[in-house]
Amino acid sequence: MRNDYLERYRELYQQHWWWRSREKLILKTLRAHEPQGGWKRILDVGCGDGLLFDHLKPFGEVEGVESSAASVCEHGPHRSQIHVCPFDENFQPGKQFGLILMLDVLEHLADPAAALRRALALLTPGGILLITVPAFNAAWTNHDLINDHVTRYTRRTFRTVARQAGLDIQAERYFFQWLFPIKLATRVLERILGLKPQPAGVPLGWINTPLYLLSRLEQNTWGALPWPFGSSLMVWAKKSDH
């Protein structure tokens with residue numbers, strides 16, 4: 001990510017309708033699948049400054065790994081729980097995890113299958129991997145450029161990467177269905193008008209709040225249906241018990 005984007009990330013995460021509603025969906029999904037006694041140990045890959053940690057604590061002991069030192073506040077409340085290093089074979093935490101989160105991480109990587117294989121190696125037998133990625137290259141906009149995305153995924157293209165990594169997909173769903181046609185229109189307008197990438201900002205309240213409520217309404221109603229599109233994809237995967 002560009003430095004000007006990183007500087008605003010905490011504000012975006014805590015206030016922007018997209019991050020707020022995505023977090024609600026993630027936590028709802030975790031509660032629906034939580035095993036008795038929780039997951040014991042949880043790893044948040046690409047955790048930034050640990051902004052999700054407090055919400056993950058009810059599910060188990062949380063730590064994270066973040067490759068960008070600029071994303072981690074040296075004096076932040078969760079600094080001791082964050083490993084600042086690449087997520088590859090050099091990351092050796094000396095333990096395994098019952099749950100690993102990779103939330104909008106894989107789209108930044110040139111070799112996503114390698115990251116998935118590393119995650120599988122760190123999962124306990126029967127452990128769970130929860131992944132979100134942006135969906136459909138047709139919805140590629142300046143937002144992808146400013147975030148240094150390599151690609152966006154569909155169910156089919158993600159399954160290809162999953163097979164390469166040996167990942168056992170349990171469930172998958174698109175979300176932000178309402179946003180998908182808007183992303184398509186935005187791409188067209190950006191090309192016609194020659195618009196340049198600009199850092200995201202938190203919309204004014206009269207825009208931010210309705211979009212958050214619309215996203216939550218989708219998650220709790222029609223979003224649970226097997227729609228073949230959305231601007232994001234969520235994958236629930238499992239490590240084989242053998």
Side-chain angles (χ1 to χ4, degrees), residues 1 9 13 18-19 22-30 33-34 39-53 55-56 59-68 71-72 78 81-93 95-124 126-135 144 147-155 157-176 230-240:
M1 294 183 189
Y9 187 78
Y13 186 90
W18 189 92
W19 277 269
R22 186 196 67 162
E23 180 185 272
K24 291 292 186 182
L25 178 60
I26 290 164
L27 296 175
K28 179 181 178 180
T29 303
L30 293 180
H33 293 86
E34 183 182 11
W39 281 284
K40 308 302 182 185
R41 294 194 183 100
I42 300 170
L43 179 67
D44 186 1
V45 179
C47 66
D49 205 22
L51 298 177
L52 186 58
F53 282 16
H55 297 288
L56 293 175
F59 301 106
E61 180 183 326
V62 186
E63 57 189 272
V65 56
E66 174 55 57
S67 62
S68 172
S71 300
V72 182
H78 305 297
Q81 300 161 257
I82 301 173
H83 307 267
V84 180
C85 63
F87 186 66
D88 55 22
E89 295 298 328
N90 294 313
F91 175 58
Q92 298 287 341
K95 64 187 76 169
Q96 289 186 305
F97 302 87
L99 172 66
I100 295 181
L101 305 173
M102 302 182 80
L103 306 177
D104 290 86
V105 169
L106 294 177
E107 66 272 16
H108 298 277
L109 306 179
D111 190 356
L116 289 176
R117 285 191 290 268
R118 187 72 195 116
L120 286 174
L122 293 172
L123 278 175
T124 58
I128 292 295
L129 182 58
L130 179 60
I131 300 161
T132 61
V133 288
D144 297 281
N147 280 279
D148 294 328
H149 290 174
V150 175
T151 190
R152 300 173 71 94
Y153 289 88
T154 63
R155 285 173 175 168
T157 58
F158 189 88
R159 288 169 188 165
T160 298
V161 175
R163 284 194 298 270
Q164 294 171 355
L167 192 67
D168 183 9
I169 294 177
Q170 301 291 296
E172 54 193 356
R173 61 172 288 187
Y174 291 114
F175 61 108
F176 288 130
S231 70
S232 291
L233 173 67
M234 175 183 286
V235 177
W236 185 267
K238 186 177 180 183
K239 183 175 182 178
S240 172

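Just so you know, residue 1 is the first one in the sequence shown, and it goes up from there.
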Self-check item: Side-chain H-bond candidate by donor/acceptor type, Trp19 with Tyr9, under 3.5 Å
Solution: yes
Quiz item: Which heavy atom of Val65 sits nearest a heavy atom of Cys85, and at what distance?
Solution: CG2-O, 3.5 Å
Quiz item: Can you check side-chain contact (heavy atoms from CB on, under 4.5 Å) on Ile26 and His55, steps first, answer last?
Solution: CA-CA 10 Å; Ile26 290 164; His55 297 288; over 6 Å; no
Exercise. Find out whether Tyr13 and Glu23 are in side-chain contact, i.e. whether some heavy atom of one side chain is under 4.5 Å from a heavy atom of the other.
Key: yes
Quiz item: When you check the gap from the basic side-chain N to the acidic O, do Arg118 and Asp88 get nearer than 4.0 Å?
Solution: no
Quiz item: Could you give the distance from OH (Tyr153) to OG1 (Thr160), rounded to the nearest 0.5 Å?
Solution: 10.5 Å
Self-check item: Distance, nearest 0.5 Å, that separates OG1 of Thr132 from CG of Leu101
Solution: 9.0 Å
Quiz item: Where do Val161 and Leu116 land on the side-chain contact (heavy atoms from CB on, under 4.5 Å) test, with the steps shown first?
Solution: CA-CA 9 Å; Val161 175; Leu116 289 176; 3.7 Å; yes
Quiz item: If only atom types and distance count, is the side chain of Glu172 paired as donor or acceptor with the main-chain N or O of Ile169 below 3.5 Å?
Solution: no
Exercise. Return the minimal non-hydrogen interatomic distance between Ile82 and Cys47, and the atom names on each side.
Key: CG2-SG, 3.7 Å
Self-check item: Any side-chain heavy-atom pair of Tyr174 and Ser232 under 4.5 Å
Solution: no
Practice problem: List the steps and the verdict of side-chain hydrogen bond (donor to acceptor under 3.5 Å, both in side chains) for Asp168 and Gln170. | Solution: CA-CA 6 Å; Asp168 183 9; Gln170 301 291 296; 3.2 Å; yes
Exercise. Decide yes or no for His108 and His149: does some side-chain heavy atom of the first lie under 4.5 Å from some side-chain heavy atom of the second?
Key: yes
Quiz item: Quick one: are Glu66 and Phe87 in side-chain contact, heavy atoms under 4.5 Å?
Solution: no
Practice problem: Starting at CG of Leu109, measure out to CG of Asp148 and round the result to the nearest 0.5 Å. | Solution: 11.5 Å
Quiz item: Taking atom CG of Leu27 and atom CG of Leu56, what is their separation to the nearest 0.5 Å?
Solution: 6.5 Å
Practice problem: Check for a donor-acceptor pair, side chain of Gln164 on one end and backbone N or O of Ala162 on the other, with a separation under 3.5 Å. | Solution: no
Practice problem: For the pair Arg173 and Leu233, evaluate side-chain contact (heavy atoms from CB on, under 4.5 Å) and give the outcome as yes or no after the intermediate values. | Solution: CA-CA 6 Å; Arg173 61 172 288 187; Leu233 173 67; 5.9 Å; no
Quiz prompt | Pairwise side-chain contact, Trp236 with Thr29, heavy-atom cut-off 4.5 Å (strictly under) | solution = yes
Quiz item: How close do Gln81 and Val62 get, heavy atom to heavy atom, and via which atoms?
Solution: NE2-O, 3.0 Å
Practice problem: Using a 4.5 Å cut-off on heavy atoms from C-beta on, say whether the side chain of Asp44 contacts that of Leu52. | Solution: yes
Quiz prompt | Side chain proximity check, Leu167 to Phe158, heavy atoms < 4.5 angstrom | solution = yes
Exercise. Report the residue from Leu25, Ile131, Leu103 that forms a side-chain contact (heavy atoms from CB on, under 4.5 Å) with Met234.
Key: Leu25
Quiz item: Can you name the nearest heavy-atom pair linking Gly50 to His78, along with the distance?
Solution: O-CD2, 3.3 Å
Practice problem: Please lay out, stage by stage, how Leu123 and Ile100 fare under the test side-chain contact (heavy atoms from CB on, under 4.5 Å). | Solution: CA-CA 7 Å; Leu123 278 175; Ile100 295 181; 3.7 Å; yes
Exercise. Grab the two heavy atoms, one from His83 and one from Phe91, that are nearest each other, plus how far apart they are.
Key: CG-CE1, 3.5 Å
Exercise. In sequence, state the C-alpha distance, the side-chain angles, and the governing distance for Thr154 and Thr157, and then conclude on side-chain hydrogen bond (donor to acceptor under 3.5 Å, both in side chains).
Key: CA-CA 5 Å; Thr154 63; Thr157 58; 3.2 Å; yes
Practice problem: To the nearest 0.5 Å, tell me how far Leu99 CG sits from Glu61 CD. | Solution: 13.0 Å
Quiz prompt | Minimal non-hydrogen separation, Trp39 against Gly98, with atom names | solution = CD1-O, 3.3 Å
Quiz item: Does any non-hydrogen side-chain atom of Asp144 lie less than 4.5 Å from one of Arg152?
Solution: yes
Quiz item: Do NZ/NE/NH1/NH2 and the carboxylate oxygens of Lys95 and Glu63 come within less than 4.0 Å?
Solution: yes
